[in-house]
Amino acid sequence: MNWTPNSWRDFPILQQPTYNDASALSDVCEKLGEFPPLVFSDEVECLKQNLAEVAAGKAFILQGGDCAESFQEFSENHVQSMVKVMLQMAVTLTFAGRCPVVKIGRMAGQFAKPRSADSEEIDGVSLPSFRGDSVNGIEFTADAREPDPDRMLQSYHQSAATMNLVRALTRGGFASLKNVKEWNSAAVEDTALGKKYGDITSRIHDSLEFMEACGINVDDFSKLQGATIYTSHEALLLEYEQALLSQDNGKWYDLSAHMLWIGERTRQLDHAHVEFLRGVENPIGVKVGPTADPDEIAKLAELLNPDNTPGKLIFITRVGADGAYEKLLNLFQKMASKNQNVIWICDPMHGNTVKASSGYKTRKFDDVMSEVKAFFKAHKAVGTWPGGVHLEMTGKDVTECTGGAFNVSDNQLGDCYETQCDPRLNATQSLELAFLIAEELKG
Ligand code: PEP
Ligand code: CO
């Protein structure tokens, strides 16, 4: 298929930093190429098997995490609270929605961001835009905004440390179903939502005790003893992604993460990102915005999944709440007639970003929910499977999105606004959304 690890270099490419020192860049890539992989090819294959279940309408994807991970906001607590909220949402979806959940974090590698403008201007001074911690610094100084290839090494190391903690937390103990109560966050615990979750945890406890009373040792079942959280990020910096390629049994894997996605701004059929990712075995996601042409989406499916393997390709729709049902219905209908194996998941975040009167970039919880509802409704109308959701969320008690059970208002956004990039659902809003999605799933 004329693909090589380097073939993307012959195609136009968007959203890349301009490095001034080419030899520093190649030194970094050479180093990265010698580092151990962050994930393993057999894990990637396991994810593909899990995703084949989703493609068959038997499981649901929960993909979520920070919009951008940051070097500064990196701690045990940060990673652990993300793992907690993912486990909590997943158990809610599994229990209340009666559906197995494949968990994929936007974590351990989500450091590079596409931007709407190449430069940012403040008080007449124009500097390169912030493109994520693996590219440059967020501070508005010429020094910080200069792209620095060494930052890719730091993202690699932070990803490795994050991965290590995720593996430890999910292997047993903490992620065992016996600990389902512990996944509640302090912010949620004493609220009506916390009680609703408490009801689920009591019922799970009762079921486990009942099984033990019947002589079944629940410790023998690895699925009850731990969990799997796969990793993913936007494969934006192709220098980095290429450095982490690895060949196994003649096939190429991008071992920077289990799953990789192509953003809305870089999914052109004849550009470098599609060229690079068509050559790897990993499951691939593609963001699909409101103006996407269904014929182009079908061509992407042909290019990225030429063997039509179920579970290989995920389209992540992010059309915005306004008119979502009609847009999605049209897309799903046209694609359904093509017999391509694709998974559809809903990103109800990126089409719903607005600027609050306070100046903060925010999203309304109601818009997020309304896009999710439109997604389910459109699938129901076409007879296709709503395969999952893709969220920007955090286990912390931030005030970045408005609305939800505690009705975060525009003028509260400044209380705890920590994101480096887009606004995330906080722990309470995430759990609330999980309950609402569970209703849709059951319905
Ligand atoms: C993102 O997922 O953070 C993002 C930039 O999304 P999109 O490509 O859909 O705009
Ligand atoms: Co984002």
Side-chain angles (χ1 to χ4, degrees), residues 13-17 61-70 73 82 104-118 129-135 138 155 231-238 241 257 259-269 271-274 276-277 283-292 296-297 300 304 313-322 324 327-328 331 344-355 360-364 367-368 371-372 375 388-394 398 400-401 417-426 429-430:
I13 187 163
L14 297 177
Q15 299 285 344
Q16 302 302 292
I61 298 170
L62 171 64
Q63 184 174 24
D66 290 316
C67 176
E69 288 174 279
S70 92
E73 201 191 11
M82 190 71 83
I104 309 176
R106 277 178 71 114
M107 62 197 307
Q110 174 56 15
F111 291 99
K113 301 306 299 171
R115 299 319 299 257
S116 43
D118 280 338
S129 295
F130 170 60
R131 292 188 172 274
D133 274 350
S134 59
V135 175
I138 197 164
S155 348
T231 60
S232 68
H233 60 257
E234 177 172 350
L236 185 67
L237 292 184
L238 296 185
E241 303 303 335
M259 177 208 161
L260 297 153
W261 78 85
I262 309 177
E264 165 73 355
R265 299 168 182 83
T266 51
R267 61 168 171 75
Q268 300 79 0
L269 287 163
H271 279 209
H273 289 86
V274 170
F276 178 77
L277 286 167
I284 301 301
V286 185
K287 292 289 197 92
V288 177
T291 56
E296 195 182 343
I297 298 306
L300 275 169
L304 293 166
L313 183 60
I314 304 171
F315 283 122
I316 309 166
T317 60
R318 31 86 87 221
V319 298
D322 194 23
K327 288 173 197 159
L328 293 173
L331 183 63
W344 296 102
I345 72 176
C346 173
D347 165 358
M349 316 299 296
H350 288 90
N352 293 313
T353 318
V354 290
K355 199 167 180 172
Y360 285 101
K361 213 180 183 196
T362 189
R363 289 159 175 156
K364 294 187 184 132
D367 288 345
V368 169
E371 184 165 343
V372 171
F375 174 81
V389 285
H390 178 117
L391 306 171
E392 287 184 344
M393 59 192 218
T394 169
V398 299
E400 298 171 5
C401 292
Y417 194 96
E418 294 181 353
T419 184
Q420 281 221 1
C421 200
D422 291 336
R424 303 160 294 179
L425 299 170
N426 62 26
Q429 290 166 332
S430 302

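First listed ligand is number 1; within each ligand, the first listed atom is number 1.
Scanning all protein heavy atoms for the shortest distance to atom 3 (O) of ligand 1 gives K113 NZ, 2.7 Å. In terms of protein heavy atoms, atom 7 (P) of ligand 1 is closest to K287 NZ, 3.6 Å.
Only the side chain of E392 comes within 4.0 Å of ligand 1, judged by heavy-atom distances. Contacts of C421 with ligand 1, taken as heavy-atom pairs under 4.0 Å, are absent altogether.
The two residues M393 and S430 make their nearest non-hydrogen contact at CB-OG, 3.5 Å. Of all the heavy atoms in R115 and S129, the pair that sits closest is CG-CB, 4.1 Å. Closest heavy-atom contact between R363 and H350: NH2-CD2, 3.4 Å. What you find for D422 and T419 is that their closest heavy atoms are O-OG1, 2.7 Å.
When atom types are taken as modelled, the side chain of E400 and the backbone of Y417 share no donor-acceptor pair closer than 3.5 angstrom. The closest donor-acceptor contact from the side chain of Q429 to the backbone of C401 lies under 3.5 Å.
Residue-environment remark: NZ (K113) exceeds the threshold of 12 foreign heavy atoms within 6.0 Å.
The Co ion (ligand 2) lies closest to atom OE2 when only the N/O/S atoms of E392 are considered.
Under the 4.0 Å criterion applied to side-chain N and carboxylate O atoms, R424 and E73 are assigned as salt-bridge partners.
The atoms of ligand 1 that sit less than 4.0 Å from any heavy atom of R265 are 5 (C), 10 (O). Residue contact check: G263 has heavy atoms under 4.0 Å from atoms 8 (O) of ligand 1. Ligand-side atoms of ligand 1 in range of R106: 1 (C), 2 (O), 3 (O), range being under 4.0 angstrom from any heavy atom. Residue-ligand proximity, C67 to ligand 1, at heavy-atom distances under 4.0 Å covers atoms 3 (O).
In this structure, of E264, R318, R267, the residue bringing a heavy atom nearest to atom 9 (O) of ligand 1 is R318. The residue from H390, H350, H233, Q110 that puts a heavy atom closest to atom 1 (C) of ligand 1 is H350.
Centred on the Co ion (ligand 2), the angle running from D422 (OD2) to C67 (SG) is recorded as 90°, rounding to 10°.
One of the N, O or S atoms belonging to H350 lies under 2.8 Å away from the Co ion (ligand 2).
Relative ring orientation between F315 and W344 is described as tilted, the plane-to-plane angle lying within the 30° to 60° band.
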